[in-house]
Amino acid sequence: MDLIKDLFKGDKVVWIIFLFLCLISIVEVFSAASTLTYKSGDHWGPITQHSIILMVGACIVVLVHNIPCKFFRVLPFFLWPISCILLLVVMATGFITGDRVNGAARWMTFFGIQFQPSELAKMAVIIVTAFILSKFQGEENATPKAFKYIMWITGITFILIAPENGSTAALLFGVVFLMMVIGRVPWKQLGKLVAIVGITVTFFVTVVMVIPTQKLNEVPMMHRVETWQNRIKGFMENKEAVPAAKYDIDKDAQIAHANIAIATSNIIGKMPGNSVQRDFLSQAFSDFIFAIVIEELGLVGGAFVVILYLWLLIRAYKIASRCEKTFPAFLVMGIALLLVSQAMLNMMVAVGLFPVTGQPLPLISKGGTSTLINCAYIGMMLSVSRYVAEQEEQKNAEQKAQEEAELAAKAERHQEMVSAMQEALAQLPAEAKAASDVKEEL
């Protein structure tokens with residue numbers, strides 16, 4: 001028991017949430033990876049690979065959560081430059097060789113291991129934002145320098161990620177904005193940022209939707225414009241106006257089959273392994289796994305997954321509120337906001353509340369780099385919670401020692417008073433006898 005207690009430190013609720021997400025992931029990926037099973041001819045291959053990645057991720061959680069959180073602030077000094085270089089390499093490779101997956105160059109292979117540099121960049125930006133906010137805190141607000149430095153770091157990263165993965169870049173920017181709100185960046189600066197971003201997004205969407213695709217394809221960094229157009233048009237299209245008999249299910253196959261999966265479910269679902277749409281839904285094990293969760297586990301299972309992510313955010317807030325230093329507090333909130341925002345975005349896409357993006361469901365979708373990085377995030381949250389618990393234990397020990405010292409001092413003073421009283425009482429007979437002798441002599 002002592003070994004387990006020493007090995008698994010930190011907030012127990014975060015550990016429980018992590019365990020539930022991993023269990024759901026194993027069950028649903030095993031069910032949803034039927035297309036991968038068909039292509040590989042190996043029934044156990046996809047889930048075996050995913051289980052190994054989760055086990056490696058669990059080891060990363062244990063390793064990272066035993067590292068004091070104060071050491072995390074040094075990560076961006078080498079992690080951010082490296083991730084930017086890797087993003088440039090991936091982008092250049094896509095343009096030179098045309099080696100892209102689904103029209104995007106997001107992956108690179110290093111010694112046979114495929115990973116996404118954007119995941120490293122996201123981690124670096126979150127940590128450096130937490131560091132800058134903690135470094136430039138004034139009495140009432142963060143100093144103007146904090147906003148300037150954060151915008152430089154985030155802006156460069158956004159430019160490097162957006163051409164190949166616009167949703168990831170937008171998600172990261174949104175999380176950084178929320179971190180600046182929490183970090184007390186002046187509302188004047190944030191208001192200007194909102195106005196600039198709003199005008200830029202409106203202009204960009206207008207250009208994408210109005211100018212012909214052929215002309216935009218000739219513009220550098222705009223090779224995915226057709227994908228953006230289709231997703232925006234598909235989301236804004238009024239599907240209710242199309243009669244059921246004339247509805248083209250192959251036009252937006254992912255959305256259609258996700259809707260079918262959700263619509264054919266019920267309160268408790270079809271039970272794990274009984275999904276029908278997994279055989280027709282592209283990326284059922286990744287981008288649209290939440291639709292399979294609802295189909296198999298029902299509304300109860302879908303609501304449970306939502307509650308797990310919201311519970312993670314609540315625990316992060318409680319951990320941050322107990323931090324004595326600002327860096328761990330900003331770090332744990334930034335990580336929780338990133339994980340929960342990505343989860344909500346994925347679930348909104350699955351139920352048709354947001355245009356299709358390539359965001360996996362954290363710790364549930366099948367993945368490689370993203371799963372390992374998400375496990376590192378959980379480890380960081382646990383490290384901060386362990387730091388908070390140790391600080392509270394130290395504070396309680398000091399308070400207890402102080403109380404014991406005060407009690408000892410009181411006991412010592414009490415003993416001195418008792419001794420003085422005993423001495424005074426012992427002297428009374430002698431004084432009385434002396435007074436009696438004086439009286440007799442008189």
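Just so it is clear, the model here is predicted, and its values are computed rather than measured.
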Checklist entry - For the atom pair CE (M380) and CD1 (I378), what is the distance rounded to the nearest 0.5 Å? => result 11.0 Å
Next on the checklist: Taking E392 first and then K395, would you say they form a salt bridge - that is, a charged N and a carboxylate O separated by under 4.0 Å?
Outcome noted: no
Next on the checklist: Checking R386 now: which residues fulfil salt bridge (charged side-chain N to carboxylate O under 4.0 Å, His left out) with it, not counting sequence neighbours?
Outcome noted: E390
Checklist entry - Closest heavy-atom contact between S385 and D11? => result OG-N, 2.8 Å
Checklist entry - Between V306 and M344, is any pair of side-chain heavy atoms under 4.5 Å apart? => result yes
Item to check | Non-hydrogen side-chain atoms of F72 and P328 separated by less than 4.5 Å | outcome: no
Checklist entry - For the residue pair V90 and P117, what are the closest heavy atoms and their distance? => result CG2-CG, 3.6 Å
Next on the checklist: Run T326 and L133 through side-chain contact (heavy atoms from CB on, under 4.5 Å) and show every step you take.
Outcome noted: CA-CA 8 Å; T326 54; L133 288 173; over 6 Å; no
Next on the checklist: If I compare all heavy atoms of A121 with all of I161, which pair ends up nearest, and what's the gap?
Outcome noted: CB-CD1, 4.1 Å
Checklist entry - Is there a side-chain contact between F304 and L297, using heavy atoms and a 4.5 Å cut-off? => result no
Item to check | Nearest heavy atoms of A284 and I292, plus distance in Å | outcome: O-CG1, 3.8 Å
Checklist entry - Should we say atom CD of E140 is surrounded by more than 12 heavy atoms from elsewhere, each under 6.0 Å from it? => result no
Next on the checklist: Quick check against the 3.5 Å criterion: does S83 have a side-chain atom that pairs as donor or acceptor with the backbone of W80?
Outcome noted: yes
Checklist entry - Going through the checks in order, is the side-chain contact (heavy atoms from CB on, under 4.5 Å) test met by Y377 and K122? => result CA-CA 11 Å; Y377 287 144; K122 283 160 58 178; 3.9 Å; yes
Item to check | Separation between OG1 of T143 and OH of Y149, rounded to the nearest 0.5 Å | outcome: 8.5 Å
Checklist entry - Looking at NZ of K325 and NZ of K70, how far apart are the two atoms once the value is rounded to the nearest 0.5 Å? => result 7.5 Å
Next on the checklist: Using 0.5 Å steps for rounding, measure from the CZ atom of F177 to the OG1 atom of T129.
Outcome noted: 13.0 Å
Next on the checklist: Can you tell me how the ring of F158 sits relative to the ring of F173, calling it parallel under 30°, perpendicular over 60° and tilted otherwise?
Outcome noted: perpendicular
Checklist entry - About how many Å separate CD1 of I67 and CG of L63, when rounded to the nearest 0.5 Å? => result 5.0 Å
Item to check | Nearest-0.5 Å distance, CD1 of residue I294 to CZ of residue F290 | outcome: 4.0 Å
Item to check | Chi angles and distances behind the side-chain contact (heavy atoms from CB on, under 4.5 Å) call for I150, M179 | outcome: CA-CA 10 Å; I150 291 173; M179 289 182 69; over 6 Å; no
Item to check | Within 6.0 Å of NZ in K135, more than 12 heavy atoms from elsewhere | outcome: no
Next on the checklist: If you compare all heavy atoms of Q137 against all heavy atoms of A142, which two are closest, and at what distance to 0.1 Å?
Outcome noted: NE2-CB, 3.7 Å
Checklist entry - Are a donor atom and an acceptor atom from the side chains of T369 and Q116 found within less than 3.5 Å of each other? => result no
Checklist entry - Should we count CZ of F203 as having more than 12 external heavy atoms under 6.0 Å? => result no
Checklist entry - Is any side-chain heavy atom of K270 less than 4.5 Å from a side-chain heavy atom of T264? => result yes
Checklist entry - Would you say the side-chain atoms of S25 pair up with the backbone N or O of L21, donor to acceptor, closer than 3.5 Å? => result no
Item to check | Any donor-acceptor pair under 3.5 Å from R278 side chain to S31 backbone | outcome: yes
Checklist entry - Does some side-chain heavy atom of N374 sit less than 4.5 Å from a side-chain heavy atom of L339? => result yes
Item to check | Validation row: M381, F18 side chains within 4.5 angstrom (heavy atoms) | outcome: no
Item to check | Side chain to side chain, F280 and I260, heavy atoms closer than 4.5 Å | outcome: no
Checklist entry - Do Y317 and I314 come close enough that some side-chain heavy atom pair is under 4.5 Å? => result no
Next on the checklist: For V181 and W187: C-alpha separation, side-chain torsions, deciding distance, then whether side-chain contact (heavy atoms from CB on, under 4.5 Å) applies.
Outcome noted: CA-CA 8 Å; V181 173; W187 284 104; 3.9 Å; yes
Checklist entry - Under 3.5 Å, side chain of S341 to main-chain N/O of L338, donor-acceptor pair present? => result no
Item to check | Under 3.5 Å donor-acceptor, Q359 side chain and N346 backbone | outcome: no
Checklist entry - Does E28 reach the main-chain N or O of F285 with its side chain, forming a donor-acceptor pair under 3.5 Å? => result no
Item to check | Minimum heavy-atom distance G367-S370, with the two atoms named | outcome: CA-OG, 4.1 Å
Checklist entry - Okay, side chain of Y309, backbone of Q342: is any donor-acceptor separation there less than 3.5 Å? => result no
